[in-house]
Amino acid sequence: MLSVRISLALFSILFLLSCVGPVKEIKYQFEDSMDDPISYIDNPQSLKEISNNFNLEISWSLNLGDPGKRNFKSPIDDNNIYFVSHIGIISSHNINSQELLWSYQHSNEILSGLSLSATNIFFVDSKGYLCSLSKTGKLEWKAYVGEVLSPPLVLSSSVIVNLINSKFVSLNIIDGSINWSYNSPSGPLKILSWQEMIENEGKIYSGIAGGKIIAINAENGSLIWETTFSPPKGSSEIERSNDTTSNLIIDKFFVYGISSNGNIAALNINNGEIIWSRPLSSFYGMTSNDNYLFVTHNAGSVYSLSKETNKVKWRNSDFLGRDLSKGYLFDGYIIVSDFEGYLHFLNIDNGFEEARIKIGDTYHTMISKIKDDEMIVVSLDGTLYKIIVQLKNKLSVNKAVELEDKNGLISDNDSNSDIKKKNNQEDSLFDNLIFWD
């Protein structure tokens with residue numbers, strides 16, 4: 001251990017003699033490392049005081065029931081939200097009147113869901129049955145598939161499930177009869193997660209064990225391509241566990257994936273060829289707009305990366321160890337939730353936190369915009385909140401000029417060429433540093 005510390009000290013001195021920026025990057029690597037002995041994971045960073053740049057308020061709250069600490073989806077359709085509890089109760093509530101429309105008691109505990117079609121709700125129970133429930137609360141059919149944790153993927157005429165052993169099964173949406181199945185090779189150790197499949201132009205894309213992404217033909221289940229974008233590292237099975245646990249991002253030409261312990265990458269949507277790849281890990285997930293990916297790192301930093309070049313636009317390290325959610329887009333903001341029940345609104349252009357609100361005392365599993373100034377939030381304890389976001393009353397003070405300060409923000413938006421040069425210099429080192437894991 002002493003030799004390691006000495007080596008690190010010498011390495012830091014050499015960097016200090018060359019330039020200041022890279023030394024700061026070494027600091028970031030330590031902060032973002034799950035293996036760092038001074039990790040923030042068990043010692044969460046305290047929140048810094050801020051003044052909200054616009055008004056936030058809770059309009060109302062409604063207890064829906066105990067989800068049992070599971071990350072169920074609570075989809076919204078036609079002003080109705082569908083909620084599932086761990087004891088098998090599915091309910092529908094109107095988000096305007098908060099009225100309970102109906103509830104259904106299933107015979108078994110529910111493990112995954114909920115997913116919607118135009119007329120039905122789909123979920124998988126603890127006995128391994130994929131179930132179809134009408135939107136009036138009537139069970140229409142069930143079919144045995146096996147153990148499933150991720151939500152079913154609903155297509156126009158079929159429902160796809162991804163079993164924990166990376167077997168994909170397509171069932172007829174009308175009666176539950178099996179259309180096809182595909183067995184993907186699964187590594188010896190797989191992280192159990194709620195990672196979702198995604199469909200695009202007749203192809204199903206999913207992350208699987210071993211830092212892989214696959215594309216399957218939705219009609220017949222044939223493999224189109226499979227790519228390892230984040231090869232496992234280490235000598236033990238635990239060290240080599242490196243699943244694509246977070247959601248994939250798809251645009252017209254590329255598929256973007258990130259592994260739980262390795263790389264983030266852009267792949268050609270047609271053949272799986274790796275366009276770019278760089279070290280960055282996330283179990284929690286990411287979101288995107290047209291030009292940038294917004295990633296919640298395992299340690300709690302939030303990154304904005306260019307889709308085209310993979311370069312970091314900004315990094316916010318104010319929430320290390322706070323068990324952040326993936327980001328949710330709301331106009332010009334990325335919203336992240338932490339373990340104490342706070343919602344943090346980060347400016348999408350520079351990562352600066354412009355507002356926050358405390359909603360309950362626990363993590364939030366869903367944030368959904370329903371109107372220009374309203375959103376629905378569901379907490380891990382099963383409470384539904386309606387939040388008013390008054391962006392029209394946003395203060396005129398422009399905090400975005402603080403491009404880089406002791407809070408750890410990085411941005412290249414400033415007109416000052418020296419700052420731009422410095423940021424690009426620091427960013428160019430990210431792929432070569434050994435402290436990222």
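Keep in mind it's a predicted model, so treat the numbers as computed, not measured. For this chain, numbers begin at 1 and follow the sequence in order.
- Between S184 and E226, the shortest heavy-atom contact is OG-OE1, 3.9 Å.
- Within the model, atoms CD1 of I95 and CH2 of W60 stand 7.0 Å from one another, a figure rounded to the nearest 0.5 Å.
- Within the 4.5 Å cutoff, the side chain of W180 has heavy atoms near those of the I216 side chain.
- Put simply, the side chain of S306 gets close to the backbone of E308: a donor and an acceptor are under 3.5 Å apart.
- Residues P152 and V124 approach most closely at CG-CG2, 4.3 Å, considering heavy atoms.
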Determine whether T227 and I213 satisfy the following criterion, side-chain contact (heavy atoms from CB on, under 4.5 Å), listing intermediate values before the conclusion.
CA-CA 6 Å; T227 298; I213 296 175; 5.5 Å; no
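- Remark: E219 pairs with no residue by the salt bridge (Lys or Arg N to Asp or Glu O under 4.0 Å) rule, at least two apart or across chains.
- L153 has its side chain out of reach of I198: every pair of non-hydrogen atoms, C-beta onward, lies at least 4.5 Å apart.
- For D323, the salt bridge (Lys or Arg N to Asp or Glu O under 4.0 Å) test picks out no residue, with sequence neighbours left out.
- Using a 4.5 Å heavy-atom cutoff, the side chains of V389 and L56 are in contact.
- N298 places a side-chain N or O within donor-acceptor distance of the main-chain N or O of F283, the cut-off being under 3.5 Å.
- Nearest heavy-atom pair, S301 versus R315, reported as atom, atom and distance to 0.1 Å: OG-NH2, 3.3 Å.
- Contact annotation: the side chain of I173 never approaches that of S158 to less than 4.5 Å [non-hydrogen atoms, C-beta and beyond].
- N52 approaches A355 most closely through the heavy-atom pair OD1-CA, 3.2 Å.
- For H344 and F319, the ring centers sit closer than 6.0 Å to each other.
- Note that K212 lies outside the cation-pi zone of F229, set by a 6.0 Å cut-off to the ring centre and a 45° limit from the axis.
- Remark: K326 fails to qualify as a cation-pi partner of Y284 under the 6.0 Å distance and 45° angle criteria applied to the six-membered ring.
- Going from atom CD1 of I160 over to atom OG of S150 covers 11.5 Å, rounded to the nearest 0.5 Å.
- At most 12 non-hydrogen atoms from other residues, nucleotides or ligands lie less than 6.0 angstrom from CD of E201.
- A side-chain donor-acceptor contact under 3.5 Å links N316 to the backbone of G351.
- Using a 4.5 Å heavy-atom cutoff, the side chains of S112 and F123 are not in contact.
- Environment of CG in D78: sparse, with no more than 12 heavy atoms of neighbouring residues, nucleotides or ligands closer than 6.0 Å.
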Y82 vs D77, side-chain contact (heavy atoms from CB on, under 4.5 Å): CA-CA, chis, key distance, verdict: CA-CA 8 Å; Y82 301 91; D77 180 43; 4.1 Å; yes
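- Using modelled atom types, one side-chain atom of D338 and one backbone atom of G341 make a donor-acceptor pair closer than 3.5 Å.
- The shortest side-chain heavy-atom distance between I58 and I357 falls under the 4.5 Å cut-off.
- Not a single donor-acceptor pair under 3.5 Å links the side chain of N263 to the backbone N or O of A265.
- Applying the ring-ring contact (aromatic ring centres under 6.0 Å, His included) rule to F345 yields the partners F54; only residues at least two apart in sequence or on another chain are considered.
- Interatomic distance, L329 CG to S288 OG, rounded to the nearest 0.5 Å: 7.0 Å.
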Given the rule in the salt bridge (Lys or Arg N to Asp or Glu O under 4.0 Å) test, do E196 and K73 qualify, once you have shown the distances and angles that lead to the verdict? CA-CA 11 Å; E196 299 182 33; K73 290 183 67 178; 3.7 Å; yes
Show the atom names and distances, to 0.1 Å, of all donor-acceptor pairs under 3.5 Å that link a side chain in residues 266-274 to residues at least two apart or in another chain.
residue: N268; atom: OD1; partner: N270; partner atom: N; Å: 2.7
residue: N268; atom: OD1; partner: N271; partner atom: N; Å: 3.3
residue: N271; atom: OD1; partner: E273; partner atom: N; Å: 2.9

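- Annotation: the span from D66 atom CG to L64 atom CG amounts to 11.0 Å, rounded to 0.5 Å.
- A side chain to side chain contact (heavy atoms under 4.5 Å, CB included) with I214 is found for one member of W225, Y205, Y182 and no other, namely Y182.
- Atom CG of D251 has more than 12 heavy atoms from other residues, nucleotides or ligands within 6.0 Å.
- Not counting sequence neighbours, the partners of E340 by the salt bridge (Lys or Arg N to Asp or Glu O under 4.0 Å) test are R322.
- Within the 3.5 Å criterion, the main-chain N or O of R356 finds no donor-acceptor partner in the side chain of E353.
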I'd like a table of donor-acceptor pairs (distance under 3.5 Å, sequence neighbours excluded) in which one partner is a side-chain atom from residues 367-378, with atom names and distances.
residue: K369; atom: NZ; partner: D331; partner atom: OD1; Å: 2.6
residue: E374; atom: OE1; partner: K386; partner atom: NZ; Å: 3.4

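- L305 approaches R278 most closely through the heavy-atom pair CD2-CD, 3.6 Å.
- A distance-only check finds a donor-acceptor pair linking the side chain of T296 to the backbone of S325 [under 3.5 Å].
- A side-chain N or O of S379 and one of H364 form a donor-acceptor pair less than 3.5 Å apart.
- Ring planes of W314 and F294: tilted class, angle from 30 to 60°.
- Panel note: side chain Q45, backbone D318; a donor-acceptor pair is recorded below 3.5 Å.
- The side chain to side chain contact (heavy atoms under 4.5 Å, CB included) test with L248 singles out one residue from N200, V255, I258, and that residue is V255.
- Atom CG of L380 sits about 9.0 Å away from atom OG of S337, to the nearest 0.5 Å.
- The main-chain N or O of M286 is found under 3.5 Å from a side-chain atom of N247 such that the two form a donor-acceptor pair.
- Looking at S206 and F168, their side chains come closer than 4.5 Å, going by heavy atoms from C-beta outward.
- With a 4.5 Å cut-off on side-chain heavy atoms, I81 and S92 do not count as touching.
- When all heavy atoms are compared, the tightest approach of K307 to N289 is NZ-O, 2.8 Å.
- I359 CD1 to S61 OG: the interatomic distance, rounded to the nearest 0.5 Å, is 10.0 Å.
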* **Full working for side-chain contact (heavy atoms from CB on, under 4.5 Å) between L62 and T383** => CA-CA 6 Å; L62 178 66; T383 304; over 6 Å; no
